[in-house]
Amino acid sequence: MSTILLSRVADSVYWMSRYIERAENVARFVDVNLNLSLDSSLGMSQQWAPLVATSGDFALFQERYGEATRENVIEFLTFDAKNPNSILSCLRAVRENARTVRETISSEMWEQANKLYLMINEDVQSGRVWNSPHEFYADLKLGCHLFQGITDSTMSHNEAWQFIRLARKLERADKTTRILDVKYFLLLPHVQDVGTPIDDIHWAAVLRSVSGFEMYRKRFGRISPLRVVDFLILDGEFPRSVRYCLQRAAESLHKISGTPMGTFRNAAEQRIGHLRAELDYTSVDSIIGQGLHEFLDDFQTKLNTIDDSVFETFIAMRPMGTSAARS
Amino acid sequence: MHFHGYDTGDFHDEMFLPDGTPRPEAKLLVDTITSLSGGELQLRQKSAERTLLELGITFNVYGHGDGTEKIFPFDLIPRIVPADDWARLERGLKQRITALNLFIDDVYHDQKILKQGVIPREVIESAKCLRPQCVGMNPPKGIWCHITGTDLVRDRDGQIYVLEDNLRVPSGVSYVLENRHLMKRTFPQIFEGVPIRPVDDYPSRLLETLEYLAPAGAGSARVVLLTPGIYNSAYFEHSFLAQQMGIPLVEGRDLVVNNKRVYMRTTKGFERVDVIYRRLDDDFLDPEAFRPDSLLGVAGLVEAYRAGHVALANAPGNGVADDKVIYAYVPEMIQYFLGEEVIIPNVPTYLCWRDADRQHVLANLDKLVVKAANEAGGYGMLVGPHATVAQREEFAGRISGNPRNYIAQPTLGLSRVPTLVDDHAEGRHVDLRPYILYGKEIFVMPGGLTRVALKKGSLVVNSSQGGGSKDTWVMAATGGAQ
């Protein structure tokens with residue numbers, strides 16, 4: 001019997017996966033900023049506002065908190081239940097989605113999703129977030145990694161799993177572009193710092209927030225803004241680079257539909273194919289030439305249209321009689 | 001932990017004889033528990049509760065805002081059912097289900113049992129859960145009650161009675177499986193040397209039962225489990241059973257009926273569905289056939305079922321036999337359809353629509369348990385000896401106003417099992433719900449859900465009213481691994 005996948009279930013595993021990846025990324029951003037802010041001599045202690053900008057929820061933040069202090073930002077991004085993209089909200093969404101597809105995912109995955117949610121609630125209660133923030137964020141990241149490891153090693157790599165991977169890679173590509181966007185803006189104006197140790201530390205922080213510092217060193221050695229951009233957008237081997245994520249996302253999309261790579265039979269495949277080709281045949285110089293911010297902004301919009309067409313193609317409830325995703 | 005000072009009270013204790021010595025089948029377990037150092041049992045109990053929380057084995061509580069989840073309290077001291085008791089229960093349950101199935105089929109077809117006056121026609125016709133939509137329906141293989149969870153209780157004198165039949169959508173079986181799993185995980189040494197019959201094959205048996213119903217020519221049957229969704233109190237069980245059987249868990253919105261055939265919406269388009277294990281009450285199943293305001297069901301489902309294109313388990317219409325007035329006639333049904341004496345008796349039941357019964361009930365409200373004919377979950381019930389005068393008066397009014405809707409039974413002294421209370425054990429009242437599958441043959445799962453009233457002296461075991469559960473050990477007949 002071939003495994004079938006309900007559209008509703010595909011939707012739930014997709015969002016479960018996006019939210020766990022989102023939670024992990026927010027934890028990364030906050031953790032790296034916490035580290036940087038300890039070096040007050042670097043003038044980073046006041047740099048909490050850009051972190052909120054990274055998440056894309058700056059308007060909501062201003063409305064709820066006003067000033068971007070360390071405490072406000074940490075609260076907003078970590079355990080503000082009213083912020084739909086706080087780590088707490090993300091982990092709740094992971095758990096709720098996992099709960100609706102418990103029969104599709106493995107028991108171990110459900111258990112880990114549940115434990116993570118219980119953990120963050122207990123840590124908020126106990127104040128661990130404030131007392132040992134680094135341990136707290138490290139445990140969170142580890143918990144998210146554990147979920148993904150459990151996913152990859154206890155669940156058949158069937159259609160539902162491909163949706164999980166698709167979601168993870170799209171979310172990750174989006175987050176990498178966001179951190180790059182914000183940091184680039186934040187760092188670039190200080191022309192006098194270019195090439196100085198301070199500049200080095202800032203860019204190293206960007207790399208660290210995606211666990212890319214060491215891998216970057218192996219590839220490029222010395223830190224340079226251009227190469228960091230190159231590495232995070234165009235590298236073909238680093239698992240958080242945008243191009244790498246898109247390649248894997250496209251593979252999953254094609255596995256789901258059965259369409260051979262390099263061709264397309266639905267809008268999602270067409271759009272991801274376009275975007276991949278764009279990255280395959282561009283260079284960091286032309287990205288910078290076009291303007292990094294403009295490039296990233298345009299890229300994020302295109303990622304969203306891929307997300308929309310995944311929904312349209314596989315998940316949207318259409319009445320019987322109209323054509324389905326695949327005949 | 002020791003049992004010194006444990007008081008069996010004026011009840012049948014499932015573990016100890018009145019003189020305080022363990023029953024033969026419980027001796028080994030009592031020895032193991034006694035040999036544990038002080039506090040160990042409590043530690044394990046705490047660890048079991050933590051595990052339940054981490055596994056997310058919870059139920060939703062109605063009336064506490066949506067999505068409030070609680071763990072179903074679990075007590076580590078198991079309940080033991082000796083092999084000879086079980087053998088008789090198994091025979092009795094098979095007998096009962098066979099007769100009930102014939103009865104339901106008769107009610108919706110020839111009504112011979114009414115024509116011959118065994119059960120008064122007006123009792124049937126006034127039953128709230130009689131479904132006129134089901135008249136003339138022929139469920140696949142003639143089976144109506146595929147999955148039953150019969151409630152059994154034991155009185156002071158040791159006699160076991162059937163309290164309720166639960167032929168509609170009985171729940172709780174997942175706790176039977178998870179309780180056993182949890183016991184093995186937290187307390188493995190307690191199992192040593194005890195010949196307990198396994199319950200793990202229930203999901204396979206259930207799947208077989210469901211596949212057996214597939215319409216002829218369906219090839220490999222596509223079986224699904226239909227749930228009302230994550231806010232249903234039994235959602236954990238629905239997803240658990242679907243997972244264990246490897247079948248899709250669907251909601252009403254995932255299904256669509258076209259040309260009297262049922263399809264589910266998948267990422268690859270529409271896929272046929274052959275058998276639906278529905279965990280939705282009749283009322284909500286199909287807005288075209290039953291309640292038109294139901295958003296949970298599937299429009300046209302009953303038509304597809306009537307046309308024989310899809311099987312439903314349980315069949316719609318079974319609720320008629322769950323009516324507590326009709327329940328009182330099960331011994332007569334067994335006699336009528338099978339020509340046999342009932343093996344597990346009913347609790348003696350007064351039917352308030354009978355004048356003599358009603359007068360007796362009204363005069364003895366302080367001694368009786370009064371129940372509405374169509375309520376479940378411990379609702380619509382008066383436990384006379386524990387009720388206030390005002391409560392009794394209120395029920396007297398309700399009974400006189402609608403006698404057909406009320407029955408009364410003597411207040412049974414439900415049997416007890418030692419239950420962990422702080423650092424010692426106290427007797428708490430229990431019932432037992434075994435699960436019966438009716439497919440190619442009738443299968444009684446060797447175990448069941450033991451619900452325990454955790455509140456001291458309470459006789460209400462329902463999870464919605466402060467009840468918990470225990471692992472239930474059905475002993476293998478001797479010659480096993482003793």
Side-chain angles (χ1 to χ4, degrees), chain A residues 1-14 92 95-119 121-122 156 158-160 162-163 253 256-258 266 310-311 313-327, chain B residues 50-58 60 66-67 69 174 178 181 203 211 219-225 227 229-232 235-259 261-274 300:
Chain A
M1 188 161 81
S2 67
T3 4
I4 59 107
L5 184 61
L6 291 173
S7 297
R8 176 179 55 78
V9 171
D11 194 39
S12 290
V13 293
Y14 182 86
R92 193 200 300 115
R95 182 179 184 275
E96 279 303 287
N97 279 294
R99 206 156 89 85
T100 67
V101 295
R102 231 157 124 166
E103 84 297 345
T104 301
I105 61 178
S106 68
S107 296
E108 290 88 343
M109 287 166 70
W110 156 254
E111 206 177 320
Q112 177 60 13
N114 191 41
K115 275 185 184 168
L116 255 178
Y117 183 64
L118 294 174
M119 180 192 108
N121 277 294
E122 282 164 17
S156 286
N158 54 17
E159 191 183 347
Q162 299 292 355
F163 271 101
L253 203 49
I256 290 165
S257 65
N266 59 55
V310 166
F311 181 82
T313 308
F314 299 105
I315 291 160
M317 299 281 184
R318 55 177 71 72
M320 255 192 117
T322 58
S323 71
R326 199 187 63 167
S327 51
Chain B
R50 177 75 202 176
T51 305
L52 282 173
L53 194 63
E54 287 185 352
L55 293 175
I57 300 178
T58 53
N60 295 350
D66 55 2
E69 296 166 45
S174 57
E178 283 294 357
H181 182 67
E211 284 174 340
S220 67
R222 186 76 83 189
V223 183
V224 301
L225 194 155
T227 174
I230 63 164
Y231 296 119
N232 185 267
Y235 180 75
F236 159 70
E237 174 154 311
H238 305 163
S239 62
F240 175 82
L241 289 175
Q243 181 190 52
Q244 294 297 310
M245 290 190 282
I247 63 174
L249 177 67
V250 305
E251 296 179 14
R253 58 193 162 119
D254 297 321
L255 299 181
V256 59
V257 177
N258 190 25
N259 199 18
R261 283 169 175 82
V262 182
Y263 299 84
M264 55 186 155
R265 300 169 196 272
T266 81
T267 55
K268 307 274 165 71
F270 295 93
E271 290 275 345
R272 268 290 288 278
V273 173
D274 304 308

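The model shown is predicted, which means the values in this text are computed figures rather than measured ones. Here is the naming used below: chain letters follow the sequence lines, and residue numbers restart at 1 for every chain.
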Identify which part of [X] has an atom lying under 4.5 Å from any heavy atom of chain B, answering side chain, backbone, both or neither.
{"X": "A:Phe163", "value": "side chain"}
{"X": "A:Ser106", "value": "backbone"}
{"X": "A:Gln112", "value": "neither"}
{"X": "A:Leu5", "value": "both"}

Output the distance between atom [atom1] ([X]) and atom [atom2] ([Y]), rounded to the nearest 0.5 Å.
{"X": "B:Thr51", "Y": "A:Glu111", "atom1": "OG1", "atom2": "CD", "value": "8.5 Å"}
{"X": "B:Leu249", "Y": "A:Thr100", "atom1": "CG", "atom2": "OG1", "value": "8.5 Å"}
{"X": "A:Arg8", "Y": "B:Thr266", "atom1": "CZ", "atom2": "OG1", "value": "12.5 Å"}
{"X": "A:Leu6", "Y": "B:Leu255", "atom1": "CG", "atom2": "CG", "value": "8.0 Å"}

Check: B:Ile230 main-chain N/O paired with A:Arg99 side-chain donor or acceptor under 3.5 Å: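 Side chain of A:Arg99 to backbone of B:Ile230, a donor-acceptor pair under 3.5 Å: yes, one is there.
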Polar side-chain atom of B:Thr267 near backbone of A:Ser7 as donor-acceptor pair, under 3.5 Å: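 No, because the side chain of B:Thr267 does not come within donor-acceptor range (under 3.5 Å) of the backbone of A:Ser7.
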Tell me, for [X] versus chain A, whether the close heavy atoms (under 4.5 Å) come from the side chain, the backbone, both or neither.
{"X": "B:Phe240", "value": "neither"}
{"X": "B:Leu241", "value": "neither"}
{"X": "B:Glu251", "value": "both"}

Closest non-hydrogen atom pair between A:Glu103 and B:Ser239, with its separation: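 For A:Glu103 and B:Ser239, the tightest heavy-atom pair comes out as CB-O, 3.6 Å.
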Considering all heavy atoms, the nearest A:Ser107-B:Gln243 contact: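 Taking A:Ser107 first and B:Gln243 second, the nearest heavy atoms are OG-NE2, 3.2 Å.
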side-chain contact (heavy atoms from CB on, under 4.5 Å) assessment of B:Met264 paired with A:Ile4: CA-CA 10 Å; B:Met264 55 186 155; A:Ile4 59 107; 3.4 Å; yes
